[in-house]
Amino acid sequence: QVQLAESGGTRVPVGGSLKLSCALSGSTFSGSCLAWFRQPPGREREGVAALVTGEDGDAGSAYYSSSVKDRFTISQDNDKNTLYLQIHDLKFEDTAMYYCAARHSRSSCSPVLRRTDFTTWGRGTQVDVSP
């Protein structure tokens with residue numbers, strides 16, 4: 001079965017850094033869009049970053065929401081079959097459940113990430129930013 005599993009979420013002070021991981025299994029993710037979403041308490045899930053993978057599995061274009069583009073970096077280690085989200089200068093507003101998502105279509109990656117465009121999801125990892 002195709003599975004995604006996030007890890008790395010924890011409680012972090014404002015201004016801190018954190019690196020989230022998403023283990024990908026059950027399928028190859030070449031020619032895909034890999035993404036990170038987050039859902040703050042009481043709010044809708046929103047896309048924050050996405051990464052295109054080529055047919056060889058290497059990373060291509062990356063996309064970010066305006067609220068995170070200067071602080072978040074999406075990347076992957078293809079050999080480890082893992083997607084990452086490096087976060088710097090955490091803000092209180094970054095508090096959320098963070099999810100990784102994937103779809104075997106590179107066209108799913110765009111400046112605007114739609115939840116319904118992604119077919120495979122992890123269960124989430126909680127990031128709590130303390131003021």
Side-chain angles (χ1 to χ4, degrees):
Q1 297 291 330
V2 178
Q3 292 184 334
L4 280 63
E6 306 92 339
S7 62
T10 189
R11 181 180 176 89
V12 189
V14 169
S17 298
L18 192 65
K19 190 171 186 177
L20 306 181
S21 299
C22 175
L24 314 171
S25 63
S27 178
T28 61
F29 288 91
S30 58
S32 300
C33 180
L34 308 175
W36 286 95
F37 285 70
R38 68 183 182 186
Q39 188 164 13
R43 299 179 63 183
E44 295 183 350
R45 194 171 302 183
E46 61 180 355
V48 296
L51 182 70
V52 175
T53 63
E55 297 300 328
D56 57 0
D58 291 340
S61 299
Y63 301 89
Y64 300 94
S65 66
S66 59
S67 62
V68 309
K69 64 180 181 180
D70 295 325
R71 301 182 297 113
F72 288 28
T73 302
I74 187 171
S75 64
Q76 69 164 0
D77 186 328
N78 200 33
D79 290 337
K80 295 181 178 179
N81 210 25
T82 302
L83 180 72
Y84 300 102
L85 186 67
Q86 178 69 59
I87 309 173
H88 295 288
D89 192 23
L90 277 159
K91 300 178 179 179
F92 179 74
E93 302 84 67
D94 295 323
T95 295
M97 181 73 75
Y98 283 73
Y99 301 87
C100 57
R103 181 167 184 169
H104 290 96
S105 174
R106 287 175 287 184
S107 63
S108 297
C109 281
S110 71
V112 177
L113 300 174
R114 299 177 177 86
R115 180 176 180 174
T116 55
D117 287 343
F118 293 86
T119 56
T120 305
W121 293 84
R123 293 183 178 181
T125 186
Q126 181 69 36
V127 175
D128 293 315
V129 183
S130 58

Q: Indicate yes or no: at least one non-hydrogen side-chain atom of Tyr98 is less than 4.5 angstrom from one of Glu6.
A: no
Q. Could you give all pairs that pass the disulfide bond (SG atoms under 2.5 Å apart) test and reach residues 32-78, with sequence neighbours left out?
A. Cys33-Cys109
Q | Test side-chain contact (heavy atoms from CB on, under 4.5 Å) applied to Val12 and Thr95, Asp94, Leu90, the passing residue | A | Leu90
Q) So, the side chain of Tyr63 versus the backbone of Val52: is there a donor-acceptor pair under 3.5 Å, distance only? A) no
Q. Is there a side-chain contact between Glu93 and Ser67, using heavy atoms and a 4.5 Å cut-off?
A. no
Q | Test item: Cys22 and Trp36 side chains (from C-beta on) under 4.5 Å apart, heavy atoms | A | yes
Q.
Connecting only ILVMFWY residues whose side-chain heavy atoms lie within less than 4.5 Å of each other, what is the rest of Val112's hydrophobic cluster?
A. none
Q: Indicate yes or no for a side-chain donor-acceptor contact from Gln76 to the backbone of Gly57 under 3.5 Å, with no hydrogens or angles considered.
A: yes
Q) Can you check whether Gly31's main-chain N or O pairs, donor with acceptor, with Thr53's side chain at less than 3.5 Å? A) yes
Q) Do Gln86 and Tyr84 have side chains that get closer than 4.5 Å, going by heavy atoms? A) no
Q.
Using the side chain to side chain contact (heavy atoms under 4.5 Å, CB included) criterion, which residues pair with Arg115? Sequence neighbours excluded.
A. Phe37, Arg45, Trp121
Q.
Would you say that more than 12 heavy atoms from the other residues, nucleotides or ligands in this model lie under 6.0 Å from the CD of Glu55, or not?
A. yes
